Amino acid sequence: MAEFDVIIIGAGPGGYVSAIRCAQLGLKTAVVEGRETLGGTCLNVGCIPSKALLHASHMLHEAEHNFAKMGLKGSAPSVDWTQMLAYKDDVIGQNTKGIEFLFKKNKITWLKGWGTIPEPGKIKVGDEVHSARNIVIATGSEPSSLPGVTVDEKTIVTSTGALALPKVPKSMVVIGAGVIGLEMGSVYARLGAEVTVVEYLDAITPGMDGDTAKTFQRILSRQGLKFILGAAVQSAEVKRGKATVRYKLRKDDSEGNLDAEVVLVATGRKPYTEGLGLGALGVEMESRGQIKTDGHFATNIKGIYAIGDAITGPMLAHKAEDEGMALAEILAGKAGHVNYGVIPGVIYTTPEVASVGKTEEQLKEEGRAYKVGKFAFMGNGRAKAVFQGEGFVKLLADKETDRVLGAHIIGPAAGELIHEICVGMEFGASAEDIALTCHAHPTFSEAVREAALACGDGPIHS
Ligand code: NAI
């Protein structure tokens with residue numbers, strides 16, 4: 001008999017959530033994790049620490065720009081960087097210990113070390129071999145490399161290095177105007193660094209609703225971030241601790257360069273599947289390095305499954321979590337399902353940006369008849385009271401049926417507001433359903449309702 005019902009490799013959001021659900025469903029569960037703390041990239045060097053720094057730098061921004069307006073007098077605080085990093089580390093510690101507690105509570109075994117799969121049904125960790133009826137690969141992703149750019153995590157850093165710089169740099173070049181580049185870029189811009197973002201495409205945040213991306217860029221530019229768009233980075237060189245980034249403009253091949261104290265490479269991530277022994281096992285892979293799975297997360301090898309960043313789909317912690325839970329249900333003999341049409345995406349800058357469902361560009365491409373309901377936060381009393389009257393809620397609904405097809409929000413608490421739309425979409429809501437739902441006053445959420453009203457007879461406050 002197998003020692004475990006399930007062994008999961010990787011204790012990130014995909015792996016640890018799946019493990020907890022497996023245990024709750026009565027499966028004898030173990031997780032292999034080589035890092036000293038649980039939680040994977042997200043908790044240790046990703047989502048959670050970056051949110052701590054985003055919060056701290058936002059507070060500084062408020063003190064510098066808005067305190068006096070509210071009658072809060074005194075000089076703006078100065079940055080004690082060592083303490084800010086200690087605060088960030090404390091937040092990480094609280095969260096990773098929380099998962100350790102949940103593992104104990106749910107009687108999940110933590111197999112400490114890096115695992116390999118010598119044969120189906122077996123996992124080797126150090127010198128020990130464990131057996132399991134099911135193996136789940138939840139090993140996540142790692143930063144992808146850029147030709148001509150060598151990361152040293154000191155001068156040329158990935159997000160990991162950017163979360164632990166020895167001091168706030170005077171200047172920073174960010175390569176890639178995606179989520180990581182803009183979140184970390186805005187942290188350092190608010191802390192006083194001169195930040196230039198170099199992006200290959202002609203717009204920031206590829207895949208985002210175009211209207212929203214344009215407004216987002218305008219707001220970030222006003223906050224001091226500089227953008228060079230349509231520019232392919234050719235190389236980054238470090239001399240005497242300073243870096244020079246060379247780029248080529250795509251429109252005319254002209255070349256330019258930028259000097260900076262720190263260069264952040266944020267050009268995407270790739271699945272992390274090295275060292276597992278997948279090649280020898282004959283596990284089929286996709287062309288871009290992801291593990292190939294069927295609709296139930298099964299690989300082509302019986303008893304081996306994969307979830308999260310290691311398979312196709314958006315590289316988001318919550319997508320991995322949902323897959324982990326669905327797979328646990330499947331392994332316990334129940335039905336598990338992920339609705340990929342309703343996975344929100346959030347960028348945690350100030351203002352936040354959040355999206356779910358289709359963009360306007362996608363609807364046009366599909367030739368679908370749709371209507372747009374848009375409401376600016378300028379018309380929302382609560383947003384103005386907290387100096388966040390920039391941005392809007394944009395709702396996309398089917399022209400005939402009024403069914404909500406997507407939403408794009410840029411503004412205060414956008415990352416929270418989006419979930420009203422997610423729940424609505426799961427229930428097949430129409431814009432009118434949202435418009436006829438009473439929303440408390442004064443809340444940011446009223447802007448969502450106003451956008452829904454704008455899909456019908458019109459909003460009240462614009
Ligand atoms: P990304 O895929 O979001 O953006 C990478 C950007 O780099 C793209 O705009 C791309 O056009 C650009 N680029 C690529 N090569 C370039 C070159 N040679 N020169 C100039 N620009 C170039 O990747 P990112 O920001 O590194 O994030 C990685 C993953 O982590 C993403 O899947 C993201 O969704 C996820 N993530 C999500 C967060 C969130 O949900 N808030 C936070 C952080 C990361």
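If you're wondering where the values come from, they're calculated on a predicted model, not measured in any experiment. For reference, positions follow the sequence shown, starting with 1. Just so you know, ligand 1 is whichever comes first in the structure, and atom 1 is the first atom listed for that ligand.
Note that the CG atom of N339 and the CG atom of D322 stand 9.5 Å from one another [nearest 0.5 Å].
Between D202 and R250, at least one side-chain nitrogen of the basic residue sits less than 4.0 Å from a carboxylate oxygen of the acidic one, meeting the salt-bridge criterion. Salt-bridge check for K374 with E360: failed, with every basic side-chain N at 4.0 Å or more from each acidic carboxylate O.
Where the criterion is an N or O separation shorter than 3.5 Å, residue side chain and backbone included, I347 fails it with respect to ligand 1. The distance criterion of under 3.5 Å between nitrogen or oxygen atoms is met by I180 with respect to ligand 1. Ligand 1 has an N or O atom lying under 3.5 Å from an N or O atom of V233, backbone or side chain. Polar contact with ligand 1: absent for L146 (N/O pair, distance under 3.5 Å). Checked against a 3.5 angstrom limit, the closest N/O atoms of Y200 and ligand 1 fall inside it. The N/O atoms of R269, backbone and side chain alike, include none that comes under 3.5 Å of an N/O atom in ligand 1. At least one N or O atom of E183 sits closer than 3.5 Å to an N or O atom of ligand 1.
Against a heavy-atom cut-off of under 4.0 Å, P206 is close to the following atoms of ligand 1: 8 (C), 9 (O). The ligand atoms of ligand 1 that sit less than 4.0 angstrom from a heavy atom of Y348 are 41 (N). Under a 4.0 Å criterion applied to the non-hydrogen atoms of V198, ligand 1 contributes the atoms 20 (C), 21 (N).
If you look at Y247 next to ligand 1, there are no close heavy atoms at all, none under 4.0 Å. Under 4.0 angstrom from ligand 1, the non-hydrogen atoms of V346 all belong to its backbone.
Ligand 1 has at least one atom lying under 4.0 Å from a heavy atom of A231.
Between N44 and the choices N95, T96, T37, the side-chain hydrogen bond (donor to acceptor under 3.5 Å, both in side chains) rule is met once, by T37. Of the candidates D80, V79, L85, T82 forms a side chain to side chain contact (heavy atoms under 4.5 Å, CB included) with just one, namely D80.
The two residues T41 and R269 make their nearest non-hydrogen contact at CG2-NH2, 3.7 Å.
R368 places no side-chain N or O within donor-acceptor distance of the main-chain N or O of D398, the cut-off being under 3.5 Å. Not one N or O on the side chain of T205 forms a donor-acceptor pair closer than 3.5 Å with the backbone of A213. The main-chain N or O of K214 is never found under 3.5 Å from a side-chain atom of Q217 such that the two would form a donor-acceptor pair. Looking only at distances, no side-chain donor or acceptor of W110 sits under 3.5 Å from a matching main-chain atom of E100.
Regarding atom 35 (C) of ligand 1, its nearest protein heavy-atom neighbour is M315 O, 3.4 Å. Considering only non-hydrogen protein atoms, atom 16 (C) of ligand 1 sits nearest to T267 CG2, 3.7 Å. For atom 2 (O) of ligand 1, the closest non-hydrogen atom of the protein is G268 CA, 4.0 Å. Counting protein heavy atoms only, atom 9 (O) of ligand 1 is closest to E199 OE1, 2.6 Å. Looking from atom 37 (C) of ligand 1 to the surrounding protein, the closest heavy atom is V179 CG1, 3.8 Å. Distance from atom 1 (P) of ligand 1 to its nearest protein heavy atom, with residue and atom name: G178 CA, 4.1 Å. Nearest protein heavy-atom contact of atom 5 (C) of ligand 1 is A266 O, 3.3 Å.
Ring geometry, F377 versus F444: the interplanar angle exceeds 60°, so the pair is classed perpendicular (tilted spans 30 to 60°).
Donor-acceptor pairing under 3.5 Å is lacking for the side chains of E199 and Y247.
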